[in-house]
Amino acid sequence: MSEEKSLNFLEEIVETDLNAGKYSSIITRFPPEPNGYLHIGHSKSICLNFGLAAKYGGSTNLRFDDTNPVTEDTEYVESIKEDIQWLGFQWSNEFYASDYFDQLYAFALQLINKGLAYVDDSTSEEIAALKGTPTEPGKDSVNRSRTIEENLQLFQEMKEGKYKDGEKVLRAKIDMAHTNMLMRDPIIYRIKHAHHHRTGDKWCIYPMYDFAHGQSDSIENITHSICTLEFIPHRELYDWFISQLNIFPSHQYEFARLNMTYTVMSKRKLLQLVNEGFVNGWDDPRMPTISGFRRKGFTPASIRNFCERIGVAKRENLIDLSLLEFCLREDLNLTAKRAMAVLDPVKLIIDNYEDGKTEYLKSENGPDDTLGHREIPFGKELWIEREDFMEEPAKKWFRLAPGAMVRMKSAYIVKCTSFEKDEKGEITAIHCTYFPESKSGQDTSGIAVKGTMHWVSVPHAVKAEVRLYDRLFRVENPASEEGDFKDYINPESLVVIHNAYVEPSLVSATLQDRYQFIRKGYFCLDKDATSNHLIFNRTVTLKDTWSKEMKA
RNA sequence: UGGGUUAUGGUGUAACGGUAGCACUACAGAUUUUGAUUCUGUCUGUCUAGGUUCGAAUCCUGGUAACCCAACCA
């Protein structure tokens with residue numbers, strides 16, 4: 001009984017090609033422009049490109065699409081490489097479109113010699129004016145009929161730096177009346193007297209995306225060049241260059257990009273969030289960047305699994321954030337170490353427990369035995385969560401209330417006897433008695449309680465800062481709302497708690513550790529933490545059916 | 001008054017002319033020393049109107065809706 005998992009449309013294309021003997025093996029590529037940080041949408045593309053090659057025994061190149069020197073920088077190159085590796089992928093080759101500038105220049109010469117490219121002196125406004133509109137054809141530029149010799153001469157001069165930015169461009173000679181706007185004599189080279197992060201000042205003319213991408217794919221023998229839907233109109237041009245140049249026929253296939261609820265994905269919008277101070281940098285844990293998710297405590301496996309589950313197709317989509325959170329919790333539940341931390345402390349005093357006594361109690365580190373156990377100190381005074389006590393309990397309340405009994409996790413059952421309030425009506429202490437025979441693991445008390453609570457021993461507690469992150473936006477699709485998307489930012493996307501108490505074992509937490517603070521969620525150490533100032537980020541909350549019930 | 005792409009439960013994604021399935025979400029129940037986890041169950045779907053066919057989500061025709069295309073960005 002072999003249950004065939006159905007293939008996605010890209011896998012079908014690859015299998016068809018392989019079965020037909022079109023290729024002996026496949027090569028894909030991930031082609032970011034090094035002008036920004038990678039986000040969760042890129043991870044879909046990364047998983048697709050690397051995943052496809054891995055599944056069919058092929059290879060994947062990392063190629064930086066660095067054809068626009070004014071927006072690109074090595075800082076981005078480094079962060080992109082780090083993010084891909086963190087996700088768990090390794091490229092076969094690290095290439096740059098700029099590696100091919102000489103070859104691309106030679107391709108341009110070939111086109112000119114074939115009478116298929118010309119130098120245009122028109123301004124960008126003039127070019128736009130003659131371009132026509134989607135419903136009206138364009139008109140030929142007066143420079144369209146220049147001779148091959150003249151074009152060769154002029155293009156040479158462009159390369160030599162004889163002209164200023166914008167003075168001249170090289171255009172492909174195709175069809176100014178084409179229904180595809182991109183085929184109306186697209187610009188293929190422009191003049192930019194700018195320093196390139198890799199080629200320095202060698203060039204002052206740079207190829208446009210359309211003249212670089214397909215040919216770069218071809219140079220690398222990329223068999224399947226996959227990209228997002230908005231490039232569909234470019235495919236015709238992509239194929240035209242490959243055909244005219246008679247080079248290796250790479251093929252472009254398009255899929256729908258990832259969109260996710262409660263966030264934005266466009267580079268422009270993310271840049272605004274950073275530049276206008278709505279978040280603290282590209283790796284702010286509220287950002288949908290890979291570095292943001294990393295800092296927030298996400299695991300690479302959870303993101304890969306998410307990309308696997310969302311599938312791939314050609315229709316627009318808006319993926320529910322809860323699926324990502326599900327994948328995260330699924331992973332963290334099995335791997336995160338359990339610990340106890342009290343975020344909003346109030347003191348619990350066990351009146352019949354011996355003064356000054358400390359007992360070390362055994363507590364499990366994980367959902368099963370694989371993560372082992374640890375010993376945690378217990379005593380007369382404990383910090384507990386303020387929200388775990390109700391003076392007048394709600395119905396179906398299984399936590400602490402006057403006269404109520406609960407189990408302190410891994411310790412004893414206690415019964416609330418009284419509580420103290422200050423003049424403002426705030427609870428300042430809760431008094432209990434404990435049942436010595438109810439000790440965890442050796443309970444002979446016969447008492448059954450519904451609630452179990454986490455706690456931290458007062459004299460052993462370690463103070464910590466805890467950063468509670470929530471979704472960045474209040475609405476599912478901020479990009480589609482009226483007005484400025486920034487008006488929909490969730491004002492409580494970050495709540496900082498300065499005086500939380502955590503169990504002493506947490507002083508040795510490292511940046512790699514993942515914790516479940518029992519009953520509170522998953523947390524990790526933040527990179528801002530120091531040895532005497534612990535800072536934990538909330539990665540994600542636990543599922544919480546109780547608070548839902550309370551609201552209802 | 002152009003061209004291109006896409007329409008399947010709330011959200012994603014399968015079914016390739018032959019029983020509309022899976023996951024997430026939501027809801028209900030069981031178990032639980034985390035109101036977590038785990039387990040069980042429930043709700044909800046083929047854009048629309050015709051046509052072809054024994055049989056249509058799938059093929060055909062006409063509508064409708066959404067998205068993309070007029071950067072010397074990628």
Side-chain angles (χ1 to χ4, degrees), chain A residues 5-8 12 31-33 35 65-68 70-72 97 120 122-124 127-129 131-138 165-171 178-182 184 186-192 205-206 208-210 212-213 227-236 254 256 261 267 309-327 329-330 333-334 338 340 363-364 367-368 396-399 406-411 413 438 440-441 443 449-454 476 516-521 541-550:
Chain A
K5 189 172 178 279
S6 57
L7 302 175
N8 66 49
E12 281 183 4
E33 181 186 13
N35 71 344
D65 227 328
D66 56 350
T67 57
N68 186 359
V70 302
T71 58
E72 298 154 4
D120 195 344
S122 308
T123 64
S124 62
I127 289 174
K131 192 125 195 177
T133 68
T135 53
E136 302 163 65
D165 288 11
E167 235 175 282
K168 285 184 167 40
V169 289
L170 183 69
R171 292 229 253 170
H178 205 288
T179 51
N180 182 347
M181 298 290 289
L182 279 157
R184 321 244 262 227
I187 291 167
I188 57 179
Y189 261 96
R190 76 291 212 186
I191 300 170
K192 274 180 192 283
I205 57 171
Y206 293 92
M208 296 286 287
Y209 165 84
D210 286 301
H213 202 97
C227 61
T228 48
L229 253 27
E230 64 269 29
F231 289 95
I232 288 176
H234 294 254
R235 188 175 61 228
E236 195 170 10
E254 310 85 8
T261 55
K267 206 175 267 183
R309 285 179 191 248
I310 59 176
V312 59
K314 299 187 79 148
R315 77 183 86 111
E316 293 289 339
N317 58 76
L318 183 62
I319 309 279
D320 209 320
L321 173 64
S322 59
L323 179 60
L324 212 209
E325 293 182 339
F326 169 81
C327 294
R329 293 187 183 112
E330 185 184 44
N333 177 47
L334 298 175
R338 310 293 117 130
M340 294 204 279
S363 192
E364 70 281 4
D368 51 41
K396 292 204 284 182
W397 177 259
F398 339 128
R399 282 120 95 152
V406 297
R407 174 172 293 281
M408 304 310 286
K409 171 73 182 170
S410 300
I413 291 172
S438 68
S440 186
D443 185 348
V449 293
K450 296 278 276 238
T452 299
M453 288 168 33
H454 62 283
E476 285 203 336
Q516 184 196 100
F517 288 176
I518 290 177
R519 301 209 300 141
K520 299 272 48 165
T541 60
L542 257 25
K543 264 185 73 177
D544 186 358
T545 46
W546 169 248
S547 69
K548 266 189 224 164
E549 189 163 331
M550 287 296 274

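All chains are named by letter (A, B, ...) in the order of the sequence lines, taking the proteins before the strands, and each is independently numbered beginning at 1.
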Novice: In whole angstrom, give me the gap between the C1' atoms of rU25(B) and rG10(B).
Specialist: 7 Å
Novice: When rounded to the nearest Å, what value does the distance between P atoms of rG18(B) and rG35(B) take?
Specialist: 50 Å
Novice: What's the gap between rG45(B) and rG21(B) when it is taken at their P atoms, as a whole Å value?
Specialist: 12 Å
Novice: Is Lys314(A) atom NZ crowded by more than 12 heavy atoms from other residues, nucleotides or ligands, each under 6.0 Å away?
Specialist: yes
Novice: When the aromatic ring centroids of His213(A) and Phe231(A) are compared, is their separation below 6.0 Å?
Specialist: no
Novice: OP1, OP2 of rC73(B) versus side-chain N and O of Arg190(A): anything below 4.0 Å?
Specialist: yes
Novice: Please confirm whether any donor atom in the side chain of Arg399(A) sits under 3.5 Å from an acceptor in the base of rG35(B), or the reverse.
Specialist: yes
Novice: Do Thr228(A) and Glu254(A) get their side chains close enough for a donor-acceptor pair, meaning under 3.5 Å?
Specialist: no
Novice: Is Thr545(A) touching bases, backbone alone, or none of the nucleic acid, heavy atoms closer than 4.0 Å?
Specialist: sugar-phosphate
Novice: Is a side-chain donor-acceptor pair under 3.5 Å present for Asn35(A) with Glu72(A)?
Specialist: no
Novice: For nucleotides rU6(B) and rA57(B), find the distance between their C1' atoms and express it as a whole number of Å.
Specialist: 15 Å
Novice: Between protein and nucleic acid, restricted to nucleotides 39-44 of chain B and to nitrogen or oxygen atoms under 3.5 Å apart, what atom pairs and distances do you find?
Specialist:
none

Novice: Using atom P in both nucleotides, what's the gap between rU64(B) and rC27(B) to the nearest angstrom?
Specialist: 40 Å
Novice: Dump the intermediate steps for side chain to side chain contact (heavy atoms under 4.5 Å, CB included) on Ile310(A) and Leu323(A), then the final yes or no.
Specialist: CA-CA 8 Å; Ile310(A) 59 176; Leu323(A) 179 60; 3.8 Å; yes
Novice: In dot-bracket, 5' to 3', how would RNA chain B read with Watson-Crick or G-U wobble pairs under 3.5 Å, [ ] for crossing ones and | for pairs to another strand?
Specialist: .((((((..((((....[..)))).(((((.......)))))....(((((..]....))))))))))).....
Novice: Expressed as a whole number of Å, how far does the P atom of rA74(B) sit from that of rA65(B)?
Specialist: 35 Å
